[in-house]
Amino acid sequence: MTEATARRAPGAPCWVSLIVHGLRATEEFYGRLFGWEFRPGPDELGPYVRALLNGKEVAGIGQLAPGRHLPIAWTTYLASEDADATGEAIRSCGGTVAVGPLDAGRAGRLAIASDPGGAVFGVWQAGEHLGTALAGAPGTPVWNELVTRETSSVAKFYQAVFGFEAEAVVSADFDHQTLTLDGRPVAALQGVGHGLPRDRGPHWMTYFEVADTDEAAARVAELGGQVLQPPREAAGGRQATVADPEGAVFAIRRTSAR
């Protein structure tokens with residue numbers, strides 16, 4: 001378990017957030033699953049709380065305005081030193097900026113965008129809020145992965161906008177690229193072709209660390225969520241794909257090195 005108190009390198013995943021219909025019920029679900037506690041966060045975009053572990057901020061949850069029907073999904077935020085400049089780069093490279101850039105009080109400046117394939121992600125220019133403040137402990141985000149149709153074209157987008165290096169797995173039946181910054185893996189792109197869920201399209205997936213993947217998956221079901229892919233051994237550790245009661249999909253993983 002480490003505290004993450006430094007400003008993130010531009011492009012590095014730095015925060016995850018979720019916007020839902022029922023804020024209190026969602027707090028109950030994640031509080032019981034991950035042991036999160038909550039405190040109010042910036043409310044410029046409506047009711048919003050930050051999830052805490054050991055007093056450290058690890059994620060955000062907000063409430064949709066009444067009558068709005070946006071997809072319920074976890075959003076990965078990538079760090080930026082200048083959200084406005086990043087927004088311009090996103091547009092010039094074929095992406096779309098749907099929200100912002102706009103200020104979130106003194107916490108920072110944000111934008112919500114999508115890549116050329118349609119996958120939604122956030123841009124975060126840190127002010128007082130640097131992002132996720134704890135790493136490695138169960139209940140913290142541990143990895144972010146873009147699930148898309150094919151990686152070659154979308155990798156060029158993220159390289160151009162954020163300066164990533166991309167390391168591809170060369171295989172006839174496996175389309176995977178790891179995004180690195182200064183030689184350090186920070187995220188991955190997974191091309192699944194026709195295996196992409198029809199109801200979701202390309203999307204960023206948040207992985208949360210857990211102490212025991214099988215127990216956590218069973219807990220998700222007990223709390224009213226769904227287990228979409230049962231626990232299995234994978235390259236990074238034992239993981240499962242699950243959804244909360246409102247349908248937000250995320251992965252849980254007990255990392256192999258733990």
Query raised in the report: Please, which pairs that meet salt bridge (charged side-chain N to carboxylate O under 4.0 Å, His left out) have at least one residue in residues 85-95, sequence neighbours excluded?
Result: Glu88-Arg91
Report task. Flag the pair Arg238 and Asp214 as a salt bridge only when some basic side-chain nitrogen lies within less than 4.0 angstrom of an acidic carboxylate oxygen. Result -> yes
Query raised in the report: Are side-chain heavy atoms of Leu23 and Leu64 found at a separation under 4.5 Å?
Result: no
Requested in this report: For ring-ring contact (aromatic ring centres under 6.0 Å, His included), just list the numbers for Trp36 and Phe29, CA-CA rounded to whole Å, side-chain angles, deciding distance to a tenth of an Å, and then say yes or no.
Outcome: CA-CA 9 Å; Trp36 290 351; Phe29 173 83; 9.4 Å; no
Query raised in the report: Minimum heavy-atom separation for Arg8 to Ala79, with atom names?
Result: CB-CB, 3.7 Å
Query raised in the report: Does any N or O in the side chain of Thr132 come within less than 3.5 Å of the main-chain N or O of Cys14, such that one atom is a donor and the other an acceptor?
Result: yes
Report summary line: So salt bridge (charged side-chain N to carboxylate O under 4.0 Å, His left out) across residues 117-136, not counting sequence neighbours, yields Arg106-Glu128
Query raised in the report: Do Leu102 and Ile112 share a hydrophobic cluster (ILVMFWY, side-chain heavy atoms under 4.5 Å, transitive)?
Result: yes
Query raised in the report: Among side-chain atoms of Gln125 and Ser80, is any donor-acceptor pair under 3.5 angstrom?
Result: no
Query raised in the report: Can the ring centres of Tyr207 and Phe250 be said to be less than 6.0 Å apart?
Result: no
**Report entry** Shortest non-hydrogen separation from Phe162 to Gly11 and the atoms involved
**Finding:** CD2-CA, 3.7 Å
Report task. State whether Arg39 and Glu57 are salt-bridged, where the test is any N-O pair (Lys NZ or Arg NE/NH1/NH2 against Asp/Glu carboxylate O) under 4.0 Å. Result -> yes
Query raised in the report: Could Glu28 and Arg24 be called an ion pair, given the rule that one side-chain N must be under 4.0 Å from one carboxylate O?
Result: no
Query raised in the report: Any chance the side chains of Glu209 and Thr255 put a donor and an acceptor closer than 3.5 Å?
Result: yes
Query raised in the report: Does some side-chain heavy atom of Asn54 sit less than 4.5 Å from a side-chain heavy atom of Leu134?
Result: yes
Query - ILVMFWY cluster membership beyond Leu52 - transitive side-chain contacts under 4.5 angstrom - result: none
Report task. State whether the side chain of Trp124 and the backbone N or O of Leu130 hold a donor-acceptor pair below 3.5 Å, judged by distance alone. Result -> no
Report summary line: Between Phe121 and the options Tyr158, Tyr77, Trp74, Trp15, the ring pair (Phe, Tyr, Trp, His ring centres under 6.0 Å) test singles out Tyr158
Requested in this report: For Asp182 and Arg184, indicate whether the former's side chain and the latter's backbone hold a donor-acceptor pair under 3.5 Å.
Outcome: no
Query raised in the report: For residues Glu246 and His21, is any side-chain donor paired with an opposing acceptor at under 3.5 Å?
Result: no
Requested in this report: Spell out, yes or no, whether Val210 and Trp143 are grouped together once hydrophobic residues are joined by side-chain heavy atoms under 4.5 Å, including indirect joins.
Outcome: no
**Report entry** Flag if over 12 foreign heavy atoms under 6.0 Å of CD, Glu165
**Finding:** no
